Each structure stands twice: as structure tokens, then as C-alpha cells.
There are 2 protein chains.
Amino acid sequence: MLEHDKSVSIATAAHTHEAISLVESYPAVPLTVDCVIFGFDKHVLKVLLIKSDLAQFAEKYSLLGDNVKSNEDLDDAAHRVLLERTGMKDVYLEQVHSFGKPQRHPGGRVVTTVYASLLNVKHHELSITDHELNWHQIGQLGEMAFDHKEILDVCVNWLQKRIQEHPLAFNLLPKKFSLRQLQNVYEAILNCQLDRRNFRKKFAAMGYLMDTNEMEVNVTHRPGKLYTFDFEAYQQRKKNGIGIDF
Amino acid sequence: MLEHDKSVSIATAAHTHEAISLVESYPAVPLTVDCVIFGFDKHVLKVLLIKSDLAQFAEKYSLLGDNVKSNEDLDDAAHRVLLERTGMKDVYLEQVHSFGKPQRHPGGRVVTTVYASLLNVKHHELSITDHELNWHQIGQLGEMAFDHKEILDVCVNWLQKRIQEHPLAFNLLPKKFSLRQLQNVYEAILNCQLDRRNFRKKFAAMGYLMDTNEMEVNVTHRPGKLYTFDFEAYQQRKKNGIGIDF
DNA sequence: GCAAAAGTGTTGTCCTTACACCCATGC
DNA sequence: GCATGGGTGTAAGGACAACACTTTTGC
């Protein structure tokens, strides 16, 4: 019994050694994460940017990024960076893509994995504003550092597609929202106009909007009903959809 | 004039130095790419696997992976790894996701970026068969090394979604193919049965299938027409699609 | 009472689905 | 001539797009 355990642990040690040697033979690369934080305010889609750390990009804007620690999961790194840069916690983040062109950073080879998020500007007051952290309107952006403009374009496309297939919009809204607010989100992100009646029908038919029996207050027009989104029902019923389309 | 150029180049040197110092302060991480190569043969979806390099996973299967070189773009690394492992060139590869759990590799921290591809088994005879490189049927897979089972599952989901929105299927088929072959691809990947008449109508309505005026030969039944896919027409017309759906 | 946005229904079109019979070939 | 899969049309239902008038509130 002891004999057996011993041979196993010797084999294990040899295996571990082999695996470690292999990994040590790999060149190591500096790794970062960048967060593309989309927000929605009034009628426009915004993105959270800082002024670049580097003198070289002094007047240019940059995504929220930092290096990945040596023993950190990528997802964790993204959440940490967001917390450090903005003070935000408990934010839904999704990995979009990794960028690894050798020349993308002027300081040398850096690979970055990009995460995106959508959130309600009002729910996440910026508790840290170092580096001129601020919301910027998509489509009115200044010059950006590194390849961050290219990255942002990829993320905007990702967002447009994603919001049509997943109920992300509700992250951008207060818990209770009017249909007009919801439609504003879609119009801002998709950059188009939608027919109000068809839009309402669409969401009514899905059956995920719950009437709160409350109304908007303090609006200068007829107040709209307020709804909540029924995430539970959505989770249970969601798609098995097969439909070839392109 | 000279004065001005000089000051610029001094500033540039300072900037470069700052950027380099910054990057040098980042911990570096071993990076790999893994290729999930889907193929289609007769009626079944397959994936290309090797036996793991590591004694620890001696009898387990592994995706085609290797480390990223220190000055190599991720996309290039994926193509190189595929060439080295299989001898295949000019293969369409797409980045799917990066995986970075600290414990995913027994030799220590390794981040991997995963690429997927679809190709025609017949068009790509395996010119290298080291490490028991071979096609394996999806759904009849042995145990896999590392977190490669998890990665493969992500890629299968990616593929199912992707093939419904993009004309990937044609990469898996000969240039000239019958509608039955096309339908087999969809049925294999989506793991379902489709109505033959509706399937044909769907693709006829798209208008991207070109009749070659040729027929199948050497089949034991009425021969079908052979078509080609008109990639050019597709590129020009493709989607501006807006349609919320979830 | 006026400005501003909420709320509501119908119609036509198109897409999707379900479904059954004859045809061309190899053996 | 029979087994195998190729090729075709139609009808019903559901989703989507287009479109106008009345209602409620703040001022």
C-alpha cells in the first residue's frame, strides 16, 4: 500500500517536472486586459475612457486596461482592472477578442484580451476619476492610443449583434423602466429608428416584461407604465433556436 | 529645421523608453494557441486531435497547440501551428476565445487563445501524422488532456451558431457539391433533421447557389445536380440585418 | 389649450412549416 | 422491377413592416 502510493507520487513528480519543463521552454509574453465599458445616458451610447498613461499618447484616449498578474485568470483580471480604474464592482463582463499584433504597443510585444460590459451610468457613479476617467459619446470620440480605436470598433459590432440576441439592454436601465427607455437603448446602440408600435408588440409577445403597476413621475408629458424584466422566465424558456440565416 | 527634427527625435526616444519600461514592468506569461479543426466526412462531423505530448496525459487526446513565438501575431501563430502539426496551408481560421485559468496546465500558468476552422477532410490529406494525428468523431471522443474538453465544447457551440449565420459550410465541401451534401453538413453540425424541400427552397431563395449543369456520378441512385457557392455575390449583398431576437 | 409623448389595431407581405408524389439511376 | 435518393408545389400559420388617431399629463 505504501509502496503503491510511493510509486504513484514518484510518477506524479516526474510528470509534473516534465510539464513544468515544457512550459518553461515557452517564451513568455506580457499580457493585459482592456475593458470596453458601454454606458447609456439619456439618449446616447457612451464608452468609458481615460487619458493614456504614456506621454507619447498624452492627449489621446485609452481603454481601461492593465497587465494581467502572473497567476490570475483573465476574467478575474478584467474585473480587477475595472475595480481599480473605476471603483465598480459586480459588473457583468464578457470576453470579446484577444489582440496580439507584435507592433500594437510602442513599448514592445503585449497581447491584450478585451472584455466588454454594458451598464447603467446612473447606477455606477464614478468613484475614481484618475487619468480623467470619463464617459465619451460613441461617434464623437477623439483620437485613441494604441490600437484602441480598432478594438473599440470590434466591440461596437459585437455589442450591436449581442443586444439583438441577448437581453443585455436591461443592464443599462433602472430596474423599473418604461418602454420608451428600452427603445431608446436599442435605437442608440443600433443607430437606427424603430417603429414604436412594432417595438412594443415585439416585447409584449416575448412575455418577459412584467407590468409593475407603476408609472413614470415628473415627466412633462403623459407618463408611461414601468416594467421590470423577468430574468428567471427568460433563463428557463430561452432558445433552442435553429434557423439558418445569412 | 535640424533643430526641430532633433527635438522630435529626442522626445521620441524618451517616449519609447517610457513605453518600454512600462511593458517591462508587466509579468510575462507563456502563451499558446490551440486549433480546433472541424472536418466533415461522409455524414459525420469530426475534429482533428493528437495524443498529448505529456506522459501525464499519455492516453488522452489533445487539440493541436503550441506556444506563440515571442514576436508573432496570434493569428499567425495559429496558422503556423496548424502547418507544423498537419502540413495544412491556406486554411481559414477564426479566433474563438482565450482561456486563462491559472491551473489549466499542470506545468504552470499558460494562457491559450483558441482558433477554430472547418475544412474538407478530403481536400486536406494529412501529410504529417506524428502524435497519432487523426480525425475523431464528435460525440465519440475519448478523454481529453488539459481543459481541452471544455474548450472543444465552447467551439462546438460556436460552430453551431456560426454556421447558421455565415456560409462556413462550403469550406467543408468540394467546390461542386449536391444539395444533399450541403444538407448533411447542416444536419451533422446542428445535430438535427431538416426537411429536404424546405432546405432546398431556403438556399434557392438566397440566390448564392450556382448551377454547374453537372450531375453527380457513380451514385447508386438518381444523380443530383452539382452547385457552387457564389462567394462574390455573397460578399457584396450580405446582411445589414436588424432583427431583435432572443 | 397646447406641446409632448403614451397607448393602441389592422392589413398586406413574406417567411416558415408541414406534408406526398413522381423521377432517374444502379443493380 | 426494385431500392435509393432526387426533384417539386401548396396551403396554413406566424412574424414583420407600414401606417394614424386618441389619451394623458405639465405647463
Side-chain angles (χ1 to χ4, degrees), chain A residues 42-44 163-165 173-174 176-188 190-228 237-246, chain B residues 40 42-44 163-165 173-174 176-188 190 192-228 237-246:
Chain A
K42 313 260 162 39
H43 287 208
V44 296
I163 202 169
Q164 294 186 56
E165 300 176 346
L173 292 172
K176 299 174 183 180
F177 52 87
S178 68
L179 279 167
R180 163 55 52 186
Q181 284 176 292
L182 184 60
Q183 189 175 337
N184 285 342
V185 170
Y186 278 91
E187 291 184 342
L190 300 178
N191 195 27
C192 69
Q193 301 262 101
L194 299 170
D195 180 273
R196 192 159 46 97
R197 281 162 295 189
N198 293 335
F199 185 86
R200 300 167 81 88
K201 251 181 296 180
K202 179 94 189 174
F203 278 87
M206 285 185 198
Y208 298 133
L209 294 187
M210 314 281 284
D211 191 334
T212 63
N213 294 317
E214 294 177 53
M215 309 290 275
E216 288 179 303
V217 290
N218 292 329
V219 288
T220 169
H221 54 79
R222 173 173 175 177
K225 287 189 182 182
L226 296 176
Y227 297 86
T228 55
R237 281 186 254 161
K238 71 179 160 196
K239 64 174 135 262
N240 49 339
I242 287 176
I244 304 157
D245 206 15
F246 56 85
Chain B
F40 180 72
K42 313 260 161 38
H43 287 207
V44 297
I163 202 170
Q164 294 186 55
E165 300 175 346
L173 292 171
K176 298 174 183 183
F177 53 86
S178 67
L179 279 167
R180 163 55 51 186
Q181 285 176 291
L182 183 61
Q183 188 174 338
N184 285 342
V185 169
Y186 277 92
E187 291 185 340
L190 299 178
C192 68
Q193 302 262 101
L194 299 170
D195 181 273
R196 191 161 45 98
R197 282 163 293 189
N198 294 334
F199 185 85
R200 300 167 79 88
K201 249 180 300 179
K202 179 96 189 173
F203 278 88
M206 285 185 202
Y208 298 133
L209 293 187
M210 314 281 285
D211 192 334
T212 63
N213 295 317
E214 295 177 53
M215 309 288 277
E216 289 177 303
V217 290
N218 292 331
V219 288
T220 169
H221 55 77
R222 173 173 174 180
K225 287 188 182 180
L226 295 177
Y227 296 86
T228 56
R237 280 186 255 161
K238 70 179 160 197
K239 62 174 147 252
N240 50 339
I242 288 177
I244 303 158
D245 207 15
F246 57 85

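Reminder, nothing fancy here: chain letters follow the sequence lines and each chain counts from 1. Note that the structure is predicted; figures quoted are calculated from it, not measured.
Considering only side-chain N and O atoms, A/Lys202 lies nowhere under 4.0 angstrom from the phosphate OP1 or OP2 of D/dA15.
Atom CZ in B/Phe203 sits roughly 15 Å away from atom P in C/dC15 (whole-Å rounding). In this entry the distance linking CG of B/Asp195 with P of C/dA20 reads 11 Å, nearest Å. At whole-Å resolution of the value, CD in B/Glu214 and P in C/dA24 are 20 Å apart. In this structure, B/Phe199 places its CZ atom 16 Å from P of C/dA18, rounding to the nearest Å.
The two residues A/Thr228 and A/Lys176 come nearest to each other via the heavy atoms CG2-CG, 3.9 Å. Considering every non-hydrogen atom in both B/Asp195 and B/Gln183, the closest pair reads C-NE2, 4.2 Å. When all heavy atoms of A/Pro223 and A/Glu216 are compared, the pair lying nearest together is CB-O, 3.2 Å. Smallest separation of non-hydrogen atoms from A/Glu187 and A/Leu194: OE2-N, 2.9 Å.
Listed in residue order, the members of residues 217-225 of chain B having a heavy atom less than 4.0 Å from DNA chain D are B/His221, B/Arg222, B/Pro223, B/Gly224, B/Lys225. For the segment residues 179-187 of chain A, no residue has any heavy atom less than 4.0 angstrom from an atom of DNA chain D.
Comparing A/Met215 and B/Asn198, the nucleotide of DNA chain D nearest to each residue sits closer to the 5' end for B/Asn198.
The side-chain heavy atoms of B/Lys225 and B/Glu214, taken from C-beta on, include no pair separated by under 4.5 Å.
Each of C/dA6, C/dC19, C/dG9 was ranked by its minimum atom distance to the side chain of A/Lys201; first place goes to C/dG9. Nearest nucleotide to the B/Arg196 side chain, out of D/dG7, C/dT8, D/dT8: D/dG7.
Direction of the helix axis in the helix from C/dG1-D/dC27 to C/dC27-D/dG1 shifts by 0° between the two five-pair termini, rounded to 10°.
Under the 3.5 Å distance criterion, the side-chain polar atoms of B/Tyr186 are matched with a main-chain donor or acceptor of B/Ile163. Proximity of a side-chain donor or acceptor of A/Tyr227 to a complementary backbone N or O of A/Tyr208 within less than 3.5 Å is not detected.
The distance from the NZ atom of A/Lys201 to the CE atom of A/Met206 is 13.5 Å, given to the nearest 0.5 Å. Considering CZ of B/Phe199 and CD of B/Gln193, their distance stands at 12.5 Å, rounded to 0.5 Å.
Checking each of B/Asn184, B/Leu226, B/Leu209 against B/Leu179 for a side-chain contact (heavy atoms from CB on, under 4.5 Å) leaves exactly one that passes, namely B/Leu209.
Remark: the B/Arg200 side chain and the D/dG7 base include no donor-acceptor N/O pair separated by less than 3.5 Å.
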